[in-house]
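What follows is a structure written as structure tokens; I'll ask about it next.
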Amino acid sequence: MTYDELTQPERRVWDAFPAGVAVDFRAAPEEDPAEGVGWGSARTVRGEVLRALLLSHPTTAGEVAKVDVRGARISGQLDLRHGDITCPVHLTHCYFDAEPDLYAARLGELHLWRSVLPGLAAVGTQFDSFVALSECRATGMVSFSLARIARTLYLDQLRAESAHAEEQGVAVALNHTVIGDAVVATGMSARGEVRLDGATVTAQVSLSSARLHNPGGMALNAEGLTVGSDLTVRGLYAQGRITLRSARIPGQLDLTEARLSNPDGMALRVSGAVIGEMWLRGAAPIDGIVNLRRTQLQLLYAEPALWPEQVRLGELTYTTLLPHLPAADRLPLLEREEYLPHAYQQLAAAYQRVGDDAATRLVQLAKHRRHRTTLPAYARAWSWAQDITVGYGFRPLRAAAWLGALLLIGTLTYALRNPAPLKPGEAPDLNPLFYTFDLLLPIIDFGQERAYAPHGWSQWLSYALIISGWLLVTTIVAGITRAISRS
């Protein structure tokens, strides 16, 4: 393309490029670039002209070349596929007729602030500096799949939608993207799927105050995401599934004041992930299924009221559980799926770490009672006996209470209805208290039981005391053994 083939606005851009001078076509700084479809030839620059300019690299000694165009209509397609472009490209407040194609290109810095695009294709592109689409509007997919961005990717206030939003398409694609610094997508709005699966971000990802709209589909796919510090999604509003399966987040997954909704399916899946802290402070009750199976957390902050009816907790591990609440407030969550011993063990351990022994015992007792429902009838009977007598070893005073009550009954009975001596003249004097002790405690022998034989209904009472004594001793021993094994 020769200089003579350029229009007047294109010559302005061409002439300004070697020295990096800005060319501003705007009538006013506050004008809306969405009106660019009506901009005439005086504000139109062809995509092929920008391609020729960027690939020819005309330079001026002592100057830094840069494309810096503001408020232009970019007609045709800006096709930079496989191009090697080291200078900064700033096309701000612009209106693009066609989707820019940067496939497998190498660029320095790309800045499209407040521009309107039908999408962006930057698959496999390498950027040696930052990329900014702040406050842009895209009516088609914005894709950085497999791209490498040396510095920060700015998507703050971006409004993007899939070209096939009605078919639950992809609005923003960062799958398997490698980013040398951070992703700033604060206040981003997306209609369609946002993909971060397999992405690697050296610093943090911020989606605070973002609005993700893909009802019935995937709102945020961050499966296998690896970040260097935090994934911040404070105030996130999401309609559709969110998945963080196998994510690696050493800092915080901050869902403070988030609102998650996918009423007909999975709302939040954080399974198999390794996360430092997961915060749900002030979050609205989640509408849909939550899956936290096999995830490892150092800290989990969640109010019981935010969990939905279906929560999957199998092999979830955590060190600290906040806020600190009575065990009775936490236990109902564990009853919403099949009996999982590990879930009770984790909750008990969390209370034990903060020294709340009463809550620890209550959780352990609830675990045994829940386990009882899974046992066959004969085992349930023995379990009931352990619960009633010593509370599975967590209520040792119950055994003393039962022993005292039976001792009182036996003492009064045999004081009023003396059993007959087996060998008159040889039997020791009857002592109703110690006679009852002999019946109740098989390991103690005061010589009373062997010397006297009750008759009638008092004989049946003696049988009952003997059986009760054996049950008490056995359950007490079982409870003590369990307590010792816990310590």
Side-chain angles (χ1 to χ4, degrees), residues 327-328 331 344 348 351-352 355-487:
L331 284 170
Y344 287 90
Y351 281 114
Q352 190 173 40
D356 193 338
D357 294 334
T360 302
R361 290 193 297 271
L362 182 59
V363 174
Q364 291 169 329
L365 184 58
K367 172 191 169 185
H368 287 284
R369 287 173 174 169
R370 185 78 186 280
H371 178 240
R372 184 170 65 217
T373 64
T374 68
L375 299 175
Y378 68 90
R380 283 200 301 273
W382 173 240
S383 180
W384 271 108
Q386 293 187 75
D387 190 1
I388 293 170
T389 53
V390 292
Y392 297 100
F394 303 110
R395 299 287 188 268
L397 292 179
R398 283 187 183 177
W402 278 105
L403 183 62
L406 293 173
L407 190 61
L408 178 62
I409 292 171
T411 300
L412 292 175
T413 299
Y414 296 119
L416 297 173
R417 187 182 177 88
N418 294 150
L422 291 174
K423 295 180 179 180
E426 297 182 13
D429 293 339
L430 175 69
N431 187 313
L433 174 63
F434 288 97
Y435 180 72
T436 306
F437 261 124
D438 267 356
L439 294 173
L440 278 174
L441 302 178
I443 58 176
I444 295 178
D445 185 5
F446 291 107
Q448 295 279 314
E449 181 185 359
R450 291 183 284 106
Y452 292 92
H455 297 281
W457 63 267
S458 61
Q459 184 178 26
W460 288 102
L461 175 62
S462 68
Y463 296 156
L465 290 173
I466 292 171
I467 294 171
S468 298
W470 275 105
L471 286 173
L472 275 173
V473 169
T474 305
T475 53
I476 289 170
V477 170
I480 292 173
T481 302
R482 188 179 295 112
I484 292 174
S485 67
R486 288 196 306 272
S487 62

Subject >> Polar side-chain atom of Gln364 near backbone of Ala359 as donor-acceptor pair, under 3.5 Å >> reply: no
**OP:** Kindly indicate, with the supporting measurements, whether the criterion side chain to side chain contact (heavy atoms under 4.5 Å, CB included) is fulfilled by Val363 and Lys367.
**Re:** CA-CA 6 Å; Val363 174; Lys367 172 191 169 185; 5.7 Å; no
**OP:** Mind listing the closest non-hydrogen atom pair of Pro454 and Tyr435 along with its distance?
**Re:** CD-OH, 3.0 Å
**OP:** Over all heavy atoms of both residues, which pair between Ala327 and Leu362 is shortest? Give the atoms and the distance, please.
**Re:**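 So the minimum-distance heavy-atom pair works out to CB-CD2, 3.8 Å.
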Subject >> Short side-chain to backbone donor-acceptor contact, Asp356 and Gln352, under 3.5 Å >> reply: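 No.
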Original post:
Tyr414 side chain to Ser462 main-chain N or O, any donor-acceptor pair under 3.5 Å?
Top reply: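 Flag set: sc Tyr414 to bb Ser462 pair under 3.5 Å.
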Subject >> Which atom of Thr374 lies closest to which atom of His371, heavy atoms considered >> reply: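 Residues Thr374 and His371, closest heavy atoms: OG1-O, 2.6 Å.
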Original post:
Is a donor on one side and an acceptor on the other found under 3.5 Å between the side chain of Thr411 and the backbone of Leu408?
Top reply: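 Side chain of Thr411 to backbone of Leu408: no pair is present.
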Subject >> Euclidean distance, Asp429 CG relative to Phe434 CZ, rounded to 0.5 Å >> reply: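 It comes to 13.0 Å.
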Subject >> Exercise: identify the closest heavy-atom pair between Asp438 and Gln448 >> reply: OD2-N, 2.8 Å
Original post:
Got a second to check how far Leu407's CG is from Leu412's CG, nearest 0.5 Å?
Top reply: 9.5 Å
Original post:
Which of parallel (below 30°), tilted (30 to 60°) and perpendicular (above 60°) describes Tyr463 and Trp460?
Top reply: perpendicular
Original post:
When rounded to the nearest 0.5 angstrom, what distance separates CG in Leu465 from CG in Leu440?
Top reply: 5.0 Å
**OP:** State, with a plain yes or no, whether a side-chain heavy atom of Trp457 is found less than 4.5 Å away from one of Thr413.
**Re:**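 Yes, their side chains come closer than 4.5 Å.
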